[in-house]
Amino acid sequence: MKKRVQLIIALLLLLTILTASAQDSPYQKAMKKEIAKLIESDSLPVLQQSANAFGRIAELNPNEWLPAYYQVLAYTFQGLDKSLSLDKKDELLAKADELAQKADALSKNNAEIVALQGFVLMAKLNADAASRGQSLSGPVLQTFGKARAMDPKNPRALALTAQMEYGMAQFFGSGTEKACGYAKESVAIFASQDEEALKTAMLPTWGKSLAEKMARSCP
Amino acid sequence: MKIFLTILLFHITYCGITQTSISGRITDQKGHALPGASIYIKGTYDGTSSDAAGNFKVQIDASGSQTLNVQAVGFKSQEVAMDLKGQPLTVDIILSEAINQLNAVTISAGAMEAGDEKKSVVLKPLDIVTTSGAMGNITAALLTLPGTSTVGNDGRLFVRGGDASETAIFIDGLQVGNAFGSTTSNVPTRARFSPNLFKGSFFSTGGYSAEYGQALSSALALNTLDLPLRNQGDVSVMSLGGGYTQTLVKNDHAITASANYYNLAPYQSLVKQNFDWEKAPSSWDSEVSLRQKWGNAGTGKAGFIKAYFHTEGSRMAIWQKLPGIDGRGDRVKLNNHYNYGNVSFRHSGNKGWLFYGGAALSDNRDAIQFNADDIKQVNRIFHSKIVAVRDFSSQFSMKNGLEYYAKSYAETLLDQNQTRQFADNLFNHFIEATYYFSNRLIMVGGLRSGHSSLAKQTWLTPRFSVAYKLNNQGQFSFAAGKFKQLAEEKLRIFQTDLKNAAATHYILNYFIVNNNRTFRAEAFYKNYEKLVTYNGLPSAPKNVALNGSGYARGVDFFLRDKKTIKDTDFWITYSFVDSKRKFAAYETKVQPTFAPKHNGSVVVKHFVTAMKSLVGTSWSWNSGYTYNDPNLPGEMQRKTKAYSDLSFSISYLPKPNVILHVACSNVLGRQNVYGYQYATQPDEEGSYAGKPVGQGAKRFLFAGLFITLSKDKKANQLNNL
């Protein structure tokens, strides 16, 4: 009898250990590890490693949009790096664009993906603002507008709109009230969000510091 | 029991440590290290990235026979089969470069592209409309590019010693008949189509693709916009008239409708005119454009269908003084009615297939009153086309197309109730293969065949081009080809079985874009055979035949710089053309009046942020037009003084959605002369009286206010200027 109790306890123990580790599938484990790395990455090689890692995860999980989403992000962050040549930036952003279309096909009408597509477009504009500003600023604002229409409370769509509007207002020498409105709204939404819950669900959390920076530059 | 558990737990941990270590180095074909490549075992999460020296080292949990996959941006991915048994493995992998259409070499010989997407463009679409002096006329902006000559009393496109009819114009791949407004002799015309319809253009001054034909010199392909960005209304109030355009967009479809009215009478009553107008030119136009998109580019299958309809009417009456004769001269009254409709589609399917095509109909009706004679001319061109393109790999693609044209022309002398007319059916097939040897070397070969039922002629024209990119981003390209064209309808009507005139082009080009600077140099040789000749006046030609021939050769240069001067964009063009041809009524080879030897232009655009204004100026110059003086022996013995025009414009944006645009041509008020017109009969002293052919007015001043109404207050009409 005693032995049997011991055995049951042992089996229960084993089961707990197994379930505890099974709570996170290998996909989730890999994703969480790479998302944490991506958020802290601060150099081009690290961003490329991150893009590669998400690429591997995407290949094993072809129906998930999140790996492609983060891969796009890793390429777009690289495309914004000032040290790169225009050709290199365009090459990275073309890759980002291609993957963003893939993500969009996997998850239709997803405000996060549309906001990200706008972000890629904005990076393309930044790569050669003098000659692309006029033709791309419209599409960038329109894409962010589309994302906000899908989810008016998406803090990234709001923060990015704020940044774009701020730049345009400076160019035309007009007021920054509109840009600042978006920035403040974004900051407020970021503050009210449960970041841990989002992280558990592997959903995007980036953009808070951008929103705060934009809000600080406002009167 | 304890032992059992220990064994169990031990076994679990033990499983985790059968690892194989793989290390190695990733390089390109030249042995340069490739950092940031992704290395992983297929079907697992095991993987790593190469470091700055191209080296990698990774511990693999999987065992047995596995596939190692290596990927890097810009390179073809590679797979290596390996057996993992726990012993460390070393693999060095060489990746070969992938063809990257974004940075790869392009054929730039003869080609000048305006677009937002590609790199090898000379202009952005917006540049065309913000060029000072262009006054919203596409062709006027193209005349600031190399290879063109300004012919101020005509207004159409003259390319490298070719006359205006040698340039064919296409919208979304379909030919446009009578693309320029109808006019009378020596009164310049302009393109009928507004520049804000187009997202890009491809202007070829020679050696163009087998996709285009029936043009001895040049092809201008205009591509219309895809989906507009937003719902908006555009109001324009101009010194010459006004218009309204409404755009409605929803998801994957859009409709745009516009109406405009222009009348030069009020302006001409204020500003002194050199021409003797009885009725100043006035016109109206209206267009509707429909667009529908389908599919998703991310999943492969996607497409677009566009329909575009344009209708316009114009009228004018002018007295044209005759040299050596008193009085007002000939009275010419012209009423024009023009319709153009075009339906085109584009569909990209799986496995690298792309299909496009469509159908277009141009219908031009001119009612001319020449003194007492009433003449009616109807010109109609129907064009349909279907093209299939297949990318067999990223290196090799093949284009195959079929075309059918129905062309008809009729001329009626209303008083005498006489009509003459012709109708022609043309069939064309073209095939073109493109092969990238690498990102540096591309070769394109094409063959175009055609048959005309009226000329009873079948022909075959080969085209070839090759381009090579150097280390410094510069590239050389060479193009050659044969081009055929049937005579203009106004001459063909006199001899309907005329066969094709022919031209052969050879073009060598150097092109470099670097750091917001563009430089382009091109040398060309063009040989003409079987040009149309006749005796007598062009209005009543006799013995129309193909007995002419000639050549045009030269070099041109283009330099554009957006970098050196802050907020300033400028370009400088110089073209040298040496052309001689026997054509029209000339008995010997002469330098045509439309081919001045030296041509140049300078365009400057400067954005003044403090004034919220775009200030622009452009200067266009040539060394003078040849003309024939019947008082001298020989032909085309004389040349006018140099032509020069300095234009100025300013666009002021008080608010992002309001633009005030003011432009003035020939600011310096130079009296340009385009040639001389002589009496057909000598006077009593035996000399022919002459009279200069000049400008309609010393200057042309334009002012317009453009307002865009939309939810997005920043949208504006900069595209319309």
Side-chain angles (χ1 to χ4, degrees), chain A residues 3 6-7 10-11 13-14 17 26-27 29-30 44-53 55-57 59-60 75 78 85-88 90-92 94-95 98-106 108 128 130-132 134-139 141-142 145 165 168-174 178, chain B residues 1-2 4-5 8-9 35-52 69 71-74 100-103 116-117 119 124-126 130 199 229-230 296-300 473 514-516 562-563 567 569 607 609-610 612 653 655-656 711-715 718-719:
Chain A
K3 272 192 177 176
Q6 267 184 342
L7 186 67
L11 281 174
L13 208 75
L14 191 65
I17 295 164
Y27 164 68
K29 247 199 266 177
L44 286 170
V46 180
L47 283 169
Q48 184 55 46
Q49 282 169 23
S50 186
N52 290 344
R56 294 196 288 271
I57 300 173
E59 199 170 287
L60 283 174
Y75 278 120
Q78 289 184 71
S85 71
L86 180 59
D87 275 356
K88 188 71 198 164
D90 279 347
E91 192 174 39
L92 291 161
K95 186 85 189 159
E98 177 199 321
L99 292 162
Q101 281 189 25
K102 203 177 110 188
D104 182 53
L106 288 172
K108 291 238 166 76
D128 188 3
S131 69
R132 296 181 187 174
Q134 181 68 39
S135 63
L136 282 184
S137 50
L141 275 176
Q142 193 218 9
E165 288 279 0
M168 300 263 294
Q170 281 187 321
F171 183 78
F172 284 109
S174 49
K178 205 171 161 189
Chain B
M1 188 56 225
K2 259 183 192 165
F4 168 72
L5 262 182
L8 187 75
L9 287 171
S38 179
I39 301 120
Y40 65 100
I41 295 292
K42 255 192 134 174
T44 73
Y45 287 104
D46 295 341
T48 188
S49 300
S50 58
D51 64 17
N69 194 312
Q71 296 179 348
V73 177
N100 172 4
Q101 313 260 339
L102 211 65
N103 296 327
D116 278 318
E117 281 142 41
K119 281 261 166 65
K124 299 277 170 190
L126 194 71
T130 53
K199 66 170 178 186
L229 282 177
R230 59 183 86 76
N296 181 323
T299 56
Q473 299 296 310
N514 204 352
N515 221 345
N516 275 321
K562 289 188 255 187
K563 179 101 181 164
D567 293 329
D569 174 10
F607 199 88
T609 314
K612 298 179 190 175
L653 286 82
K655 283 178 180 180
K711 273 195 197 164
D712 178 355
K713 298 285 181 284
K714 293 208 166 58
L718 211 49
N719 277 327

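Below, chain A is the first sequence line, B the second, and so on; all start at residue 1.
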Roughly how far, to the nearest 0.5 Å, is CD of B:Gln473 from CG of A:Leu86?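 The distance works out to 10.0 Å.
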
With rounding to the nearest 0.5 Å, note down the distance linking CZ in A:Arg56 to CD1 in B:Ile41. 11.0 Å

Which region of [X], side chain (C-beta onward) or backbone (N, CA, C, O), has a non-hydrogen atom less than 4.5 Å from a non-hydrogen atom of chain A, or is it both or neither?
X: B:Ser50; answer: neither
X: B:Asp46; answer: backbone
X: B:Ala37; answer: backbone

Chain B contact via [X] - side chain, backbone, both or neither, heavy atoms under 4.5 Å:
X: A:Pro45; value: neither
X: A:Gln49; value: both
X: A:Glu91; value: both
X: A:Ala53; value: neither
X: A:Tyr27; value: both

B:Asn69 meets the side-chain hydrogen bond (donor to acceptor under 3.5 Å, both in side chains) criterion, sequence neighbours left out, with B:Glu79

Would you mind telling me which of A:Leu47, A:Leu92, A:Ile57, A:Leu136 has the largest number of heavy-atom pairs within less than 4.5 Å of chain B?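 Among A:Leu47, A:Leu92, A:Ile57, A:Leu136, the one with the most close pairs to chain B is A:Ile57.
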
Got a sec, which residues hit ring-ring contact (aromatic ring centres under 6.0 Å, His included) with B:Tyr45, two or more places apart in sequence or on another chain?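 For B:Tyr45, no residue satisfies ring-ring contact (aromatic ring centres under 6.0 Å, His included) once neighbours in sequence are set aside.
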
Report yes or no: does A:Asn52 contribute a side-chain atom to a donor-acceptor pair with the main-chain N or O of B:Ile39 at less than 3.5 Å? no

